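To start, the structure itself, in structure tokens.
We count ligands from 1, going down the list as the structure has it; atoms in each ligand are counted the same way. The model shown is predicted, which means the values in this text are computed figures rather than measured ones.
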Amino acid sequence: MGRALGNRPALSHAGRKVSDTVHPVIVAIDGPSGTGKSSTSRAVAAELGLSYLDTGAQYRAITWWMITNGIDVADAAAVADAAAKPAIVSGTDPAHPTITVDGVDASGPIRTQEVTAKVSAVSAVPEVRTRITGLQRSIAAAAPNGIVVEGRDIGTTVLPDADLKIFLTASPEARAARRAGELKGADVSATREALIKRDAADSTRTASPLAKAADAVEVDTTELTLQQVIECVVTLVAEKRAAAK
Ligand SMILES: Nc1ncnc2c1ncn2[C@@H]1O[C@H](COP(=O)(O)OP(=O)(O)O)[C@@H](O)[C@H]1O
Ligand SMILES: Nc1ccn([C@H]2C[C@H](O)[C@@H](COP(=O)(O)OP(=O)(O)O)O2)c(=O)n1
């Protein structure tokens, strides 16, 4: 079970001690592609005054760096050797999340088809995961009011003591339709195949695969509107906070 909010020790960051009367809430949201993790997490964080971290953007950023630096992403040893090199910085304001690599804004380049096609290979390399997991834990520990962190292994590996863990699911058809809707003119069945292939790679890798934590609440978003999913998560956070009082 996640640690009760009332038991959370005071966190210190940037030389500042956060009072233990303030209980930063840590929310982990995991699930496959297109289930609504990013949209839900940003909206929940904004509504509750929490920070927000898109961990997929970090894996995309390191993948983009590998591509632009001529590293063969199929060569796991080469990727491992380079894993510590790029400086990846995430801005955690849900109203304006940012990501830079070596000081360069990477928010556009990390969304290309090439990065999407290569990110699973890079994120399967253990040295990459160790590096990025370390960044994620530091960011979560420094969030003054708490944070919503979304990804694939947040509840299982990155933040196993999160106060609330959500695992979002949706049918492949719904997820493909949502993704194709974002990529103007994309073919839904090709999008569906690409998405299923990436989910399979992310779920079957040895290092910290996509998985539902035993204590996560599963929410099937297939028939829900985004607003309903947001309300569901906000309610679950409120219940956790009330139980911790
Ligand atoms: N419950 C929902 N119903 C319909 N569309 C949704 C829902 N949740 C998210 N979307 C849309 O689906 C797309 C993918 O959502 P996103 O949050 O990026 O998913 P993920 O982060 O899990 O890949 C976005 O365009 C988003 O607006
Ligand atoms: N915690 C995480 C988050 C993402 N990843 C990897 C696996 C995913 O296919 C890629 C991209 O994640 P992202 O959340 O941007 O993917 P979507 O296209 O939004 O579904 O990163 C991961 O291995 N662990």
Show me the donor-acceptor pairs, under 3.5 Å and distance only, between side chains in residues 147-160 and residues at least two apart or in other chains.
{"from": "Glu150", "atom 1": "OE2", "to": "Ser38", "atom 2": "OG", "distance (Å)": "2.7"}
{"from": "Glu150", "atom 1": "OE2", "to": "Tyr52", "atom 2": "OH", "distance (Å)": "2.7"}
{"from": "Asp153", "atom 1": "OD1", "to": "Arg129", "atom 2": "NH2", "distance (Å)": "3.4"}
{"from": "Asp153", "atom 1": "OD2", "to": "Arg129", "atom 2": "NH2", "distance (Å)": "3.0"}
{"from": "Asp153", "atom 1": "OD2", "to": "Ser208", "atom 2": "OG", "distance (Å)": "2.6"}
{"from": "Thr156", "atom 1": "OG1", "to": "Asp153", "atom 2": "O", "distance (Å)": "3.3"}
{"from": "Thr157", "atom 1": "OG1", "to": "Ser208", "atom 2": "OG", "distance (Å)": "3.0"}

What residue among Asp215, Leu236, Ile29 forms side chain to side chain contact (heavy atoms under 4.5 Å, CB included) with Lys165?
Asp215

Asp163/Val27 under side-chain contact (heavy atoms from CB on, under 4.5 Å): CA gap, chis, key distance, verdict
CA-CA 6 Å; Asp163 299 294; Val27 181; over 6 Å; no

So Arg178 and Thr221, side-chain hydrogen bond (donor to acceptor under 3.5 Å, both in side chains) or not? Walk me through it.
CA-CA 12 Å; Arg178 291 172 189 174; Thr221 71; 3.2 Å; yes

Quick one: look at Leu224 and ligand 1, take heavy-atom pairs under 4.0 Å, and tell me if it's side chain, backbone, both or neither.
backbone

Assess whether side-chain contact (heavy atoms from CB on, under 4.5 Å) is satisfied between Gln58 and Ile99, documenting all intermediate values.
CA-CA 8 Å; Gln58 297 175 307; Ile99 185 142; 4.1 Å; yes

Return the option from Arg178, Gln227, Glu182 holding the heavy atom at the smallest distance from atom 12 (O) of ligand 1.
Arg178

Polar contact flag, side-chain donor to acceptor under 3.5 angstrom, Arg60-Thr116:
yes

Quick note, side-chain hydrogen bond (donor to acceptor under 3.5 Å, both in side chains) partners involving residues 72-81, not counting sequence neighbours, are none

Purely on distance, is any nitrogen or oxygen of Glu150 under 3.5 Å from one on ligand 1?
no

Atom indices of ligand 1 within 4.0 angstrom of Gly36 heavy atoms, with elements:
8 (N), 9 (C), 15 (O), 16 (P), 17 (O), 19 (O), 20 (P), 22 (O)

Close approach of Gly34 to ligand 1, heavy atoms, under 4.0 angstrom
yes

Qualifying residue for side chain to side chain donor-acceptor pair (under 3.5 Å) with Arg175, from Thr191, Thr169, Thr35, Asp199:
Asp199

Answer with side chain, backbone, both or neither: which part of Arg179 has a heavy atom less than 4.0 angstrom from an atom of ligand 1?
side chain

Tell me every residue that passes salt bridge (Lys or Arg N to Asp or Glu O under 4.0 Å) with Glu173, counting only those two or more places apart in sequence or in another chain.
Arg192

First-shell residues of ligand 2 [heavy atom, distance under 4.0 Å]
Ser33, Thr55, Gly56, Tyr59, Arg60, Arg111, Val119, Ser120, Ser123, Arg129, Gly151, Arg152, Asp153, Ile154, Arg179, Arg198, Asp202, Arg205

What part of Pro32, side chain from CB on, backbone N/CA/C/O, both or neither, has a heavy atom under 4.0 Å from ligand 1?
backbone

Applying a strict under-4.5 Å side-chain criterion to I, L, V, M, F, W and Y, I'd like to know whether Ile230 and Leu50 cluster together.
yes

For ligand 1, which is the ligand I care about here, please tell me if Thr40 has any N or O atom under 3.5 Å from one of the ligand's N or O atoms.
no

Are any of the N/O atoms on Ser39, whether in the backbone or the side chain, positioned under 3.5 angstrom from an N/O atom of ligand 1?
yes

Examine the proximity of ligand 1 to Thr225 and report which part, side chain or backbone, both or neither, has a heavy atom under 4.0 Å away.
backbone

Main-chain N/O of Ala124 paired with Arg205 side-chain donor or acceptor, under 3.5 Å
no

Record the part of Lys37 in heavy-atom contact with ligand 1 below 4.0 Å; permitted values are side chain, backbone, both and neither.
both

